[in-house]
Amino acid sequence: MSHKRSRPLILIDASGWLFRAYHALPPLTTPRGEHTGAVLGMANMLRRLLKDYAPEEIAVVFDAPGKTFRDEIYSEYKANRDATPEDLSIQFPMIAELVQAMGLPLLAIAGVEADDVIGTLASQADAAGKDVLIVTSDKDLAQLVNTRISLLDTMKNRRMDPAGVVEKFGVPPERIIDYLTLVGDTSDNIPGVPLVGPKTAAKWLVEHGSLDAIVNNAEQIKGKAGENLRASLGQIPMSRQLATIRCDVELPLRFDQLHPAPPDVDKLAGLYRRFEFRRLLEELESSAPPATAAPAPVAVIEAPIAAPGEVPVEVPAGAPAEAAPAAEPPPQESKKTRDELVVDEAAFAAMLEKLEAAEVICLDTETDALSAMQSGLVGLAFAVEQGHGWYVPVAHNYLGAPEQLPMQDVLRRLKPILEDPRKPKLGQHIKYDLNVLARHGIEVQGVAYDTMLESYVLDAAGNRHDMDTLADKYLGHSTIHFSDVAGKGKSQITFNQVSLDVASAYSAEDADITLRLHHVLYPRLCEVPALKKVFETIEMPLVPVLAGIERNGVKVDGPLLGRISTELAGRMDELQAQVWQQAEGEFNLGSPKQLQAILYDKLKLPVLGKTPKGEPSTAEDVLEELAAQHPLPRLILDWRAMQKLRSTYTDNLPREINPQTGRIHTSYHQAVAATGRLSSQDPNLQNIPVRTAEGRRIRQAFIAEPGNAVLSIDYSQIELRLMAHFSGDARLQDAFAKGLDIHQATAAEVFGIPLEEVGEQRRAAKAINFGLIYGMSAFGLARQLAIGRGEAQDYIDRFFARYPGVKQFMDSTREQAKTRGYVETLYGRRLYLPNILSRNAAQRQYAERTAINAPLQGTAADLIKLAMIDVAAWIAAHAPRLRMIMQVHDELVFEGPQAELRARAPELADRMCRVSQLAVPLVADWGVGANWDEAHTSQGHASSAQKPA
DNA sequence: TGCGGGTGCAA
DNA sequence: TATTGCACCCGCA
């Protein structure tokens, strides 16, 4: 049974909303001088909510004036609050009128706050299995969030679900009360623990689990904040009580009595006229149905409505014994790193001793350029305990730079430690440091932790994984930015020009922050054994393998690319002349905007497609269709194809050749793709052309050193095989078991013909097979195959009829995504899909497609990563003259002496196939050639391995 | 100089 | 109204 989303209950924290809207909205007055900005804001917000969510029940909840139970608990409660501005408070009665005229229930309950009313109604609805949307900008209400209850900030248009709470506060909803208790609230005058702000509170809660655990471990908590905690222990129970929203308030009605009534059109029109809301009035008059006998709205007013902050603040005699000393806002906690600049022998020796004794060594290198393959080492930073870092400068050479320890000595003495596999190393994006150090003669061993990858495995798509982002998110710490020390733009200096003091503060902090991040992230990883395993057995072992591939690089024939470029340029000139002739005027062929004007304005060709922004598209598929009616689109297509090859490949690849190595060294990014794939950058070697003959000429420029050859091995149909494995579909598995051409087999099934009679149907079957992996719709398939929607739907229906397991797999995967909020790969790598329950259909459907695709794409990524780790170890042990030089998602490319490469190819392909035992065989095809194109084209040798039956 | 939009290359 | 990426060029602030 799928969990059906019903029309929600909406609860509006009206007092809080107005207070904030008052400051956010422009001050609006009628000519008579009535202030109406907040009224209009409320009207628009309510209309929007009704339209967007069609709530089954709704209530606009105000604070009632007078004391609440919180004032009983704490005499200073809300004592700091400013009085409500008068031009806001006079709008409250107007708003009450408006809400009632709109037919919406309005609540103001004496003795409690709006939050408690909301909490009570929300928990009633939750118990009844109903979805609840709370409109608020107040963080306190985050404690109510769960899978059914979410917060909506209408001003920022953001929904906050449990994951959102974690993202914003660093703790889940059930820890929000603990969080608020620790942090306190200056506006409510709730005492927190001095020096403990949002970040420390979240950090402690993550480390200890709960406020109770923190209290129990108070003796162990270090620093000034720890002292303050111990001093505040007495007031914690009271703060906790103040921060807790009550969910058991006695109310005169239940949530299911809060149905909106039809608006009282006459009254509403009268109000709109009085407030001079012309647009709303027009809309009302143009759309209003004849007034029906409107049932009176359920408006329960237990007390007059109070403006926020109107609560009396007189202090009763006999205030609580230990009134909090924290009237002032919690000061920003200090997280400064104690940095130690190492420029003399004694300090260096002392540091080495500490490094030797450390359990984990956090390291960071500073260089004079961004590229790990070009840069020179400028300094090294280390940290072994939180709060302290060393910086060892070795090549700062600005005018007047102090003397530093000689680089060669420093490296020679660090080498035994860094190359000791028993000493675990930690870094942020440590692959960079491995490459820099390798180029300086140190092969770092024992690479155990990388905070970037810890964050990536925890939640690949939740945030970026650079240090600044992580420090902000997990430590609440704003790091010293590189641009702060080196400037930016034209005037940016390189790190060797940065003064030692500044460099030391920056670098030591980087190492320290990395260590602190590790202490937050790694425990989280350990909480989910599958993720810990992905981290330990896939991502970390892959780091040195990738570093090796990057350093190996690939040889590219620059002169060949240059010749191709010249040839293309000549042909493009001719095409351009013809285009200008056809268009009867010169224009820039590379400008979609100018081309659009020519095609659609000047030549009046039909608009067959739009860009995402709604402009007439000049994209390939559109031009392809237009080519039937006019010669110009074809010329443009040809020109574009050549322009693409030239600008992206023939002209730019030669510039990427490293002058020292004569090869191209890409960077593989391990923490970018949501699914677990790698990406390649500077240059991207994972999108080198292969489909067209013209494009393959680029691949021919990927060559080997003299005497060497290129070996390409790729997995055959890996994602479809994984679909067969996951789905358990007998027919699909059988097709792979028999070694059939899978597209041909699908064609036979879908079209109900014998295998040997499959002809043109194979193309359609291939499109279906691939579409399947991407969660394609009938609409998409129809467009792909240029057939009718009905026909496409028919294909899909027949596909699912023949492969029922696949249908079942897709349904259950979507279901899992909905109930758990994530999907996972064969190895337990997770992808969270926060939008899977979105009310926005486009977002939800997108998440559903991702839910189908991610386990397949992600498992394929896991498999080839494992294969790379295995193959790299095997090469190191058995064939050190071979080099792994590229990875392209389902393909590995090697270089080595021709004969040896050919001899070793079957073993390498076998190892790739044996990396995992699935329900269908894994097959890898390989080929050897003088260049990448030849290696690819000559593929025909296959290896195969399967789980024994 | 940086950014968004449009386009197109790969798996 | 098909998944994941990277990078080019244009046009504009």
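Only this structure's heavy atoms are used, side chains among them; waters, hydrogens and symmetry mates stay out. Lettering follows sequence order; numbering is per chain, from 1.
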Evaluation steps, side chain to side chain donor-acceptor pair (under 3.5 Å), between A/Gln700 and A/Asn931: CA-CA 5 Å; A/Gln700 289 161 12; A/Asn931 59 59; 5.7 Å; no
Reading 5' to 3' through nucleotides 6-11 of chain B, protein heavy-atom contacts under 4.0 Å coded B for base, S for sugar-phosphate only, - for none: SSBBSB
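- Of all nucleotides in DNA chain C, those with any atom nearer than 4.0 Å to a heavy atom of chain A start and finish, going 5' to 3', at C/dT1 to C/dC12.
- In terms of position on DNA chain C, the residue among A/Ser777 and A/Thr850 whose nearest nucleotide sits closer to the 5' end is A/Ser777.
- Looking at heavy-atom distances under 4.0 Å, A/Tyr668 makes no contact with the nucleic acid at all.
- In this structure, A/Ala767 reaches the bases: a heavy-atom distance under 4.0 Å links it to at least one base atom across the strands shown.
- Here A/Asp714 lies out of heavy-atom contact (under 4.0 Å) with every strand.
- Here, B/dG4 and C/dA2 have their C1' atoms 24 Å apart, quoted to the whole Å.
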Working for side chain to side chain donor-acceptor pair (under 3.5 Å), residues A/Arg699 and A/Ser712: CA-CA 12 Å; A/Arg699 277 194 181 222; A/Ser712 155; over 6 Å; no
Quick one: side chains of residues 773-783 of chain A, donor-acceptor pairs under 3.5 Å with protein atoms, not counting sequence neighbours, listed by atom name and distance.
{"unit_1": "A/Ser777", "atom_1": "OG", "unit_2": "A/Phe779", "atom_2": "N", "d": "3.4"}
{"unit_1": "A/Ser777", "atom_1": "OG", "unit_2": "A/Gly780", "atom_2": "N", "d": "3.1"}

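- The side chain to side chain contact (heavy atoms under 4.5 Å, CB included) with A/Glu567 is formed by just one residue from the set A/Arg697, A/Met642, A/Arg646; it is A/Arg697.
- Screening residues 828-867 of chain A for ring pair (Phe, Tyr, Trp, His ring centres under 6.0 Å), with sequence neighbours left out, gives A/Tyr822-A/Tyr832.
- If you check residues 778-796 of chain A against DNA chain C, the residues with a heavy atom closer than 4.0 Å are A/Phe779, A/Arg783, A/Gln784, listed by number.
- Partners of A/Arg911 according to the salt bridge (Lys or Arg N to Asp or Glu O under 4.0 Å) rule, which considers only residues two or more places apart in sequence or in another chain, are A/Asp870, A/Glu907.
- To the nearest 0.5 Å, the span separating CZ on A/Arg763 from CD on A/Gln784 amounts to 8.0 Å.
- Between A/Glu539 and A/Arg829, at least one side-chain nitrogen of the basic residue sits less than 4.0 Å from a carboxylate oxygen of the acidic one, meeting the salt-bridge criterion.
- Under the 3.5 Å distance criterion, the side-chain polar atoms of A/Tyr668 are matched with a main-chain donor or acceptor of A/Gln887.
- In this structure, A/Gln643 reaches the sugar-phosphate backbone alone: every heavy-atom distance under 4.0 Å involves primed, P, OP1 or OP2 atoms, never a base.
- The distance from the CG atom of A/Asp714 to the CH2 atom of A/Trp926 is 13.0 Å, given to the nearest 0.5 Å.
- Of the residues listed (A/Leu605, A/Leu637, A/Leu603), the one engaging A/Leu632 in a side chain to side chain contact (heavy atoms under 4.5 Å, CB included) is A/Leu603, and it is the only one.
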